[in-house]
Amino acid sequence: RVKPFILRRRKNEVAKELPERLDNILYCDLSEEESELYQNIFLATKKEVLEQLNIKNNWMQALEALLRLRQAVCFAGLIPGIERDSSTKIDLLIRRLSECLSGGHKVLVFSQWTKFLDKIQQETEKNEMKTLRIDGSTVDRARIVQLFQTDPEHKILLLSLKAAGVGLNLTAADHVFIMDPWWNPASEQQAADRAHRIGQTKPVFVYRMVARGTIEEKILALQ
């Protein structure tokens, strides 16, 4: 009914001068400890969730279980009551960041969890990587954007997917890491578009970090 009144603009039609964007899946294998925790959460919740769905159609409990599985994959310390100091994903990210910095690239790192960003920032600073950050608590976003865009010393910007996924021009970056795949691919597209937009002169590399054999592969299939 509304089709005759809708005009859709595609970016590749209105911004033909944009350089190439290359999307990649960056797979990682969980450690033995992480895999054991993931399987324990899965087995502990599967039976109970299915029973609740059959009896009460209780979708909230199912969503809670899916959330915990996603957190276990990224950084087990995100789960209430669990203390962990390491993460396979973060270890892989630090290696990739080191390669990017040595090549003179600037990098955006997105996650939906601020506590995950806390841990990532702790590790980048431990490895003497100057790091900026924008999340829901950031007051002066414009100053941070300006610093990232112009200061050659600050090459890493951590961003909350919800707070910084739209509206920012971050064309100084040509590498984007999405740490936790989201159900809605449009959110990830918006995040990647912070770098791949008018003003960008270099090819943009977008990496989605996915743990093999986990719910994250299901999310990719759903997308």
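Every heavy atom of this structure was used, including side-chain atoms; hydrogens, water molecules and symmetry mates were not.
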- Who pairs with Y207 by ring pair (Phe, Tyr, Trp, His ring centres under 6.0 Å), at least two apart in sequence or on another chain? F177
- Looking at CD of Q71 and CG of L37, how far apart are the two atoms once the value is rounded to the nearest 0.5 Å? 11.0 Å
- Item | E216/K89 salt bridge by N-O under 4.0 Å criterion | yes
- Sequence neighbours excluded, the answer for side-chain contact (heavy atoms from CB on, under 4.5 Å) partners of T114 is R133, D135
- Does R141 have any salt bridge (charged side-chain N to carboxylate O under 4.0 Å, His left out) partners at least two apart in sequence or in another chain, and if so, which? none
- Message: Once salt bridge (charged side-chain N to carboxylate O under 4.0 Å, His left out) is applied, do any residues pair with K106, and if so which ones, sequence neighbours excluded?
- Response: none
- Task: Sorted by first residue and then second, give each salt bridge (charged side-chain N to carboxylate O under 4.0 Å, His left out) pair with at least one member in residues 72-84; sequence neighbours left out.
- Result: E33-R84
- Salt-bridged, E99 to R95, with N to O below 4.0 Å? no
- Message: Going by salt bridge (charged side-chain N to carboxylate O under 4.0 Å, His left out), name the pairs with one or both residues in residues 179-190, residues two or more places apart or in two chains.
- Response: E188-R208
- Task: Give a yes-or-no answer on whether the side chains of S31 and E34 include a donor-acceptor pair shorter than 3.5 Å.
- Result: yes
- Message: Determine whether a donor-acceptor pair (N or O, by modelled atom type, separation under 3.5 Å) exists between the side chain of R68 and the backbone of E64.
- Response: no
- Message: Tell me whether K47 contacts the main-chain N or O of A44 through its side chain, where contact means a donor paired with an acceptor under 3.5 Å.
- Response: no
- Message: Checking D29 now: which residues fulfil salt bridge (charged side-chain N to carboxylate O under 4.0 Å, His left out) with it, not counting sequence neighbours?
- Response: R212
- Query: Taking the side chain from K115 and the backbone from G77, do they hold a donor-acceptor pair closer than 3.5 Å?
  - Reply: yes
- Task: Go through the structure and list residues passing side-chain contact (heavy atoms from CB on, under 4.5 Å) with H154, not counting sequence neighbours.
- Result: K130, L132, L147, D151
- Message: I'd like to know if the side chain of S98 reaches the main chain of I94, judged simply by a donor and an acceptor atom lying under 3.5 Å from each other, with no hydrogens or angles considered.
- Response: no
- Task: Please determine which of I144, L157, I134 meets the side-chain contact (heavy atoms from CB on, under 4.5 Å) test together with L168.
- Result: I134
- Would a distance-only check, ignoring hydrogens and angles, find a side-chain to backbone donor-acceptor pair under 3.5 Å from S111 to L117? no
- Only counting residues at least two apart or in another chain, list the ones meeting side-chain contact (heavy atoms from CB on, under 4.5 Å) with N169. Q149, T171, R197
- Item | Any residue meeting side-chain hydrogen bond (donor to acceptor under 3.5 Å, both in side chains) with R70, in chain and number order, not counting sequence neighbours | none
- Message: Run the side-chain contact (heavy atoms from CB on, under 4.5 Å) test against L50 and tell me which residues pass, sequence neighbours left out.
- Response: K46
- Query: Just by distance, do the side chain of N24 and the backbone of L26 share a donor-acceptor pair under 3.5 Å?
  - Reply: no
- Can any side-chain N or O of Q223 pair as donor or acceptor with the backbone N or O of W182 at less than 3.5 Å? yes
- Can you list the residues that meet the salt bridge (charged side-chain N to carboxylate O under 4.0 Å, His left out) rule with E125, with sequence neighbours excluded? none
